[in-house]
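A quick write-up on the structure given underneath.
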Amino acid sequence: MISNLEQTFRWFGPSDAVTLSAIRQTGATGVVNALHHIPSGVVWSTEEIKKRKDIIEAAGLTWSVVESVNIHESIKTAGEGRDEAIANYIQTLKNLAAQGIKTVCYNFMPVLDWTRTTLDYRLPNNASALRYHAPALHAFDLYILERPEAFNEFTTEQQKAAKAYLDSISNEEKELLINTIMAGLPGTDEVYTIAEFKEHLKKYENIDAKALKANLAYFLQAIIPDAEKLGVKMCIHPDDPPFAILGLPRVVSTEEDLKFIVDAAPSPSNGLTYCTGSLGARADNDLPGIMNRLGQHVHFLHLRNVRREADGSFYEDNHLEGTTDMYAVMKAVILEQKKRLEAGRDDIAIPMRPDHGHKLLDDYNYNTYPGYSAVGRMKGLAELRGLEMGVKRTLFQ
Ligand code: DNO
């Protein structure tokens, strides 16, 4: 029988209201963690890594994956200080590898990480979900950020829908929308002001998707040889949402993008995070097909489902529901495990985490990072592990 996927759970560190002992009760054995207090571009020292690792291990868990060692903006923009930031990145990988932590997730999204417009979208059963409502994002872009080019990017119909949305919300709702879109990196409470965000946008004035891809390839070619020597598996996370927003290019959104990335620095260390929630927000991404064709490069699984809506909006659905066929995804993942076993690879137990979850039951009694409450994610993990067992038994017994 093929071994199980490694069940992991994201933990934001000692200040996370979801404690390690709670994580242990979910049945997960691995923790996905980062040193969020260290700014991007700065080396993670051995002491800091060790301190965190000890805390995780004292709770009977393993620090399986780093999510994320963030990429400094100078690397994305080929700006001043890029090579120093890359040297620091490599030093961080060395310090992590020395502690035996060898799977590292990162993303290459300019300025913002993942973006939603609503953090408390109520489903009919009153569970709270995250949502990307296209008219809200467009309203922000056109009438709050007032980005001139946006008027050429949206159809008349989209502009009308955006205006109608803006006219329908109160001032408080408008403030909430701004804070939601302008939220910075996960694991921090940082929120950009509109003025700060505009400054960041300026740095991308001359960077289109082609230039951003070249900067990504430069980064990969610089770090992958060291990562390979260290046995570190890098796994890039797809853009969320997987298309350009607010005039910023995005280059990790489609199968073609993923192919470009693995070809830019061919190595077992140059891999992918297969995030079904991010990739699944695009109708032209064939999720099981991507796993069939690029599965050998996948070092980390984020399993989550979105329900796509006709106007480009989506919300996060139950893990086994939504627009992505999670059965087909799980089957493709298991067939990839089989291929690895047959090829003599030792990375069969690919780390998997239930990505995001609804706020349910006791989740309303304390504050967690959006999408990262305990009960909702545990429900997702429980469903996914059941699905995995069912598919495995059906295929191999
Ligand atoms: C959202 C996450 C992302 C992800 C980073 C990876 O919940 O999936 O924030 O951690 O983009 O670098």
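Indexing begins at 1, ligand by ligand and atom by atom, following the structure's order.
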Ligand 1 contact on R304 by region, counting heavy-atom pairs under 4.0 Å: neither
Ligand 1 contacted by R353 (non-hydrogen, < 4.0 Å): yes
Qualifying residue, where the test is side-chain contact (heavy atoms from CB on, under 4.5 Å) with V329 and the options are T324, V391, L384, L387: T324
Per-residue contact class, Y372 against ligand 1 - non-hydrogen pairs under 4.0 Å: side chain
For S68, the ligand 1 atoms whose distance to one of its heavy atoms is below 4.0 Å: 5 (C), 6 (C), 12 (O)
Plane angle bin for H36 and F12 - parallel if under 30°, tilted between 30 and 60°, otherwise perpendicular: tilted
Parallel, tilted or perpendicular: rings of W114 and Y372 (30°, 60°): perpendicular
Identity and distance of the protein heavy atom lying nearest atom 4 (C) of ligand 1: E67 OE2, 3.2 Å
Contacting atoms of ligand 1, where contact means under 4.0 angstrom from a heavy atom of N107: 5 (C), 6 (C), 11 (O), 12 (O)
Side chain, backbone, both or neither: D113 near ligand 1, heavy atoms under 4.0 Å: side chain
Those atoms of ligand 1 less than 4.0 Å from some heavy atom in M109: 11 (O)
Flag for H319-E383: side-chain donor and acceptor within less than 3.5 Å: no
Ligand-side contact atoms (ligand 1) for residue partner Y106, heavy atom cut-off under 4.0 Å: 12 (O)
Ring geometry between Y192 and F197 (parallel below 30°, tilted from 30 to 60°, perpendicular above 60°): tilted
In one Ile/Leu/Val/Met/Phe/Trp/Tyr side-chain cluster, 4.5 Å: Y364, L360: no
Polar contact flag, side-chain donor to acceptor under 3.5 angstrom, Q159-T156: no
Any side-chain donor near an acceptor of the partner, E73 and Y204, under 3.5 Å: yes
Any N/O pair H356/ligand 1 closer than 3.5 Å: yes
For atom 8 (O) of ligand 1, closest protein heavy-atom neighbour: H237 NE2, 3.3 Å
